[in-house]
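Since the structure is predicted, the reported quantities are computational estimates derived from the model, not experimental observations.
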Amino acid sequence: MPRRPASSDVAPVRILPMIAAFARDLQRSAGRRGALGIAATLLTAALESIGLILIMPLLAVALGRGSRQPVLDQVIDAAFERIGITGRQGQLMVMLGAFAALFVVRALAASARDILLTQSTIDFVDTRRKQVVRSTAGARWDVIARLHQARFAQILGADVQNVAMAARQLQFALVAAVTLAGQCVAAVVLSPQLSLLCLVVLALGAIALTSTLRQAHSLGKTSVESNLSAMNTVVQFFGGLKLAVSQDLQSSYIDEVEGALDNIAEHQLIFVRRQARRQVLIGAVAAIAGMAVAAAGLFVFHLAPAVLVGLLLILVRMTGPAASLRQYSQQLVQLLPAYRALTDLEAELAATAAPAVAPTDDAFDFRGDVDFRGVGFAHAVGDGERVLDDCSLSIARGEFVGLTGLSGAGKTTLVDLLVGLFEPQAGEVTIDGVPLRGTALPAWRHRVSYISQDPYLFYDSIRRNLLWANPAASEEALWNALRLAGADALVRRMAHGLDAVVGERGTLISGGERQRLAIARALLRNPRMLILDEATNAIDIAAERALIGNLLALSPRPTIVMIAHRTESLAQCDRILRLESGRIAALDAAPPGVLDGVPCKPVPPR
């Protein structure tokens with residue numbers, strides 16, 4: 001059974017600073033547009049207050065009696081005298097016309113307010129979403145590799161939407177608060193003494209709201225955690241969905257997801273029940289307070305009928321903004337944990353950002369000679385045992401090097417060091433004698449094409465997937481790259497050719513066809529180095545041999561590093577390297593036992 005939410009895990013004094021920090025962030029993002037939105041909000045509230053104040057003289061004119069507000073009566077009389085209207089009917093028509101004009105202007109101001117505030121919210125959320133993407137892309141690769149996909153998907157999906165809702169709730173709460181303040185001013189103008197009593201009631205209501213806000217915040221934290229748990233279940237299981245379905249294991253997945261969703265629903269239901277009980281209590285208290293105010297106005301303060309009716313009308317109108325302020329405040333506080341999750345991720349990524357370097361094509365004219373000099377590296381998992389230990393390796397420009405070894409031997413780690421995703425913890429990697437760091441890093445990456453075992457394809461056309469590597473590529477270049485990868489016949493058979501859509505991650509085509517398209521995309525970069533990380537294992541041996549033959553015939557020929565387990569895949573390599581216990585050994589060819597642990601002699605440093 002889901003656990004019941006705690007009554008509070010946040011001290012009351014911390015809620016207002018959280019709201020203030022969120023409001024400052026929103027206002028900084030909104031800028032001039034946000035300031036105009038606030039100005040329109042204040043204008044709307046002021047116009048409504050003026051309209052409410054004018055109710056009393058309108059009633060006084062309609063009833064043929066003074067309002068018992070000397071200053072207000074004098075102002076109204078002077079205005080009618082100036083425009084030359086003395087009859088009650090004429091004065092009544094003028095007053096009604098003024099009311100109509102006032103509320104038309106108020107409606108226009110409210111419309112401008114809503115548009116400005118909505119635009120500022122959209123800009124705010126869009127900026128934060130882009131900031132998360134930029135921060136993620138700019139973080140060190142070891143940080144990105146440890147980042148849970150479920151957390152990232154949850155923050156960019158549901159949490160960002162909740163932040164957008166929080167921004168709207170904050171703006172709605174601001175509108176309600178300003179409107180309520182304007183109505184309080186109007187009430188004070190009509191009857192300062194009675195209004196003071198009403199303000200005391202509102203203050204007591206604000207104090208009572210504090211407990212509700214704490215509970216709303218606790219519910220929000222629980223919802224964020226439960227949503228993340230559900231997202232994590234979906235992300236982890238979706239990768240193995242085919243396996244689960246084939247073994248009839250779907251029920252366990254359904255049970256986990258339904259359990260997480262039930263947990264969220266249970267917490268929300270508990271909160272709503274509590275809120276419903278409070279709402280009944282607040283309604284009863286409001287009714288009693290209204291009767292008390294009316295009785296005090298009649299029998300204690302002896303207000304004129306016009307003043308009392310006007311005041312009661314204001315008080316009735318105040319219940320709307322007061323209820324809205326309470327509702328929006330609760331929803332805002334409930335949604336703030338999503339904002340906290342977003343800012344925590346941004347701070348975490350910013351603290352681990354990779355050094356900013358400007359990519360350039362002209363700073364380094366790399367030939368592509370690679371040297372690993374005593375490189376050591378260990379991932380921050382397990383007991384910290386090094387994946388690579390005192391690894392020395394030289395690869396000459398244009399060489400075709402095969403890389404093999406048992407699973408976990410460090411082949412992919414070596415390639416990640418080669419493209420600069422990781423920095424060596426010992427030794428160094430150099431390209432043409434230049435250490436692979438700083439401004440050399442983006443310049444080298446610009447000359448590298450990397451294809452993984454499970455290549456990533458966008459849910460788009462073949463054309464768009466290819467042009468991602470080289471947007472300026474011509475139609476002829478696209479078809480030439482497809483021909484070299486052995487994918488041109490496949491594309492020509494498709495009804496829409498280059499404009500055929502490959503589906504999400506390329507699921508509408510086979511694994512081998514995805515690999516061919518990824519290789520074609522990589523060739524469009526005209527790379528100095530081509531890295532094939534099990535990138536042809538879904539292609540049959542004969543077709544793979546022909547594809548590699550096309551790569552070896554390229555002029556100029558790029559350096560090719562190929563990670564593979566199949567002996568046949570390594571047969572065309574100039575040199576084969578085997579990783580064993582973090583060290584590199586060499587084979588002149590790929591003997592039948594190359595994958596079975598045949599002893600190899602070390603590669604001497606160049």
Side-chain angles (χ1 to χ4, degrees), residues 129 133 136-137 144 149-150 152-153 156-157 231 234-246 412 415 419 445-446 448-527 530-551 554 558 560 562-564 566 569:
R129 183 185 285 113
V133 173
T136 303
I144 297 174
Q149 292 185 25
F152 187 76
L156 278 189
M231 178 64 73
V234 171
V235 169
Q236 289 185 355
F237 188 84
F238 194 76
L241 184 57
K242 181 178 180 181
L243 177 63
V245 172
S246 66
T412 299
V415 166
V419 298
R445 286 176 177 170
H446 195 66
V448 173
S449 283
Y450 173 85
I451 309 101
S452 65
Q453 176 180 352
D454 184 19
Y456 183 86
L457 295 179
F458 296 103
Y459 191 175
D460 210 327
S461 66
I462 294 174
R463 183 190 305 276
R464 292 289 300 277
N465 272 282
L466 295 177
L467 290 176
W468 177 53
N470 184 1
S474 65
E475 189 94 354
E476 180 183 359
L478 297 182
W479 283 109
N480 185 55
L482 290 170
R483 179 186 60 79
L484 292 172
D488 55 331
L490 161 71
V491 177
R492 294 185 192 281
R493 287 197 303 269
M494 294 182 172
H496 300 287
L498 285 171
D499 295 315
V501 176
V502 297
E504 185 177 3
R505 298 185 64 87
T507 53
L508 297 183
I509 55 179
S510 71
E513 291 166 344
R514 287 199 299 272
Q515 289 183 340
R516 289 180 184 276
L517 291 179
I519 292 171
R521 180 170 63 188
L523 292 175
L524 284 170
R525 289 170 58 84
N526 298 315
L530 184 63
I531 298 174
L532 305 173
D533 187 355
E534 296 283 357
T536 58
N537 65 350
I539 302 174
D540 64 82
I541 299 298
E544 180 191 47
R545 186 179 299 112
L547 190 156
I548 292 175
N550 289 339
L551 298 181
L554 290 172
I560 303 174
M562 182 180 190
I563 297 177
R566 295 189 307 201
S569 301

Show me the pairs that pass ring-ring contact (aromatic ring centres under 6.0 Å, His included) and involve residues 484-504, at least two apart or across chains.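 Every pair satisfying ring-ring contact (aromatic ring centres under 6.0 Å, His included) with a residue in residues 484-504: there are none.
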Under the 3.5 angstrom rule, does the side chain of [X] hit a backbone N or O of [Y] as a donor-acceptor pair?
| X | Y | answer |
| --- | --- | --- |
| Glu544 | Asn537 | no |
| Arg516 | Ile539 | no |
| Arg525 | His446 | yes |
| Asn465 | Phe458 | yes |

Using side-chain contact (heavy atoms from CB on, under 4.5 Å), reason through Arg521 and Ile451 one step at a time and then give a plain yes or no.
CA-CA 9 Å; Arg521 180 170 63 188; Ile451 309 101; over 6 Å; no
Please tell me if the side chains of Leu467 and Leu524 come closer than 4.5 Å, counting only heavy atoms from C-beta onward.
no
_In the structure I gave you, are the side-chain heavy atoms of Asp454 and Arg514 within less than 4.5 Å of one another anywhere?_
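SC-SC contact between Asp454 and Arg514 confirmed.
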Who pairs with [X] by side-chain contact (heavy atoms from CB on, under 4.5 Å), at least two apart in sequence or on another chain?
| X | result |
| --- | --- |
| Glu513 | Leu490, Ile509, Ser510 |
| Val419 | Leu421, Val448, Ile531 |
| Ala520 | Leu466, Ala481, Leu482, Ala485 |

Next item on the list: Quick one: do Ile563 and Glu534 satisfy side-chain contact (heavy atoms from CB on, under 4.5 Å)? Show the steps, please.
Entry: CA-CA 5 Å; Ile563 297 177; Glu534 296 283 357; 4.3 Å; yes
dist Leu498:CG -> Leu478:CG (nearest 0.5 Å) comes out at 6.0 Å
side-chain hydrogen bond (donor to acceptor under 3.5 Å, both in side chains) pairs touching residues 472-482, sequence neighbours excluded, are Arg463-Glu475, Asn480-Arg483
Review point. Got a sec, which residues hit salt bridge (charged side-chain N to carboxylate O under 4.0 Å, His left out) with Arg464, two or more places apart in sequence or on another chain?
Key: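 Arg464 satisfies salt bridge (charged side-chain N to carboxylate O under 4.0 Å, His left out) with Asp460 once adjacent residues are dropped.
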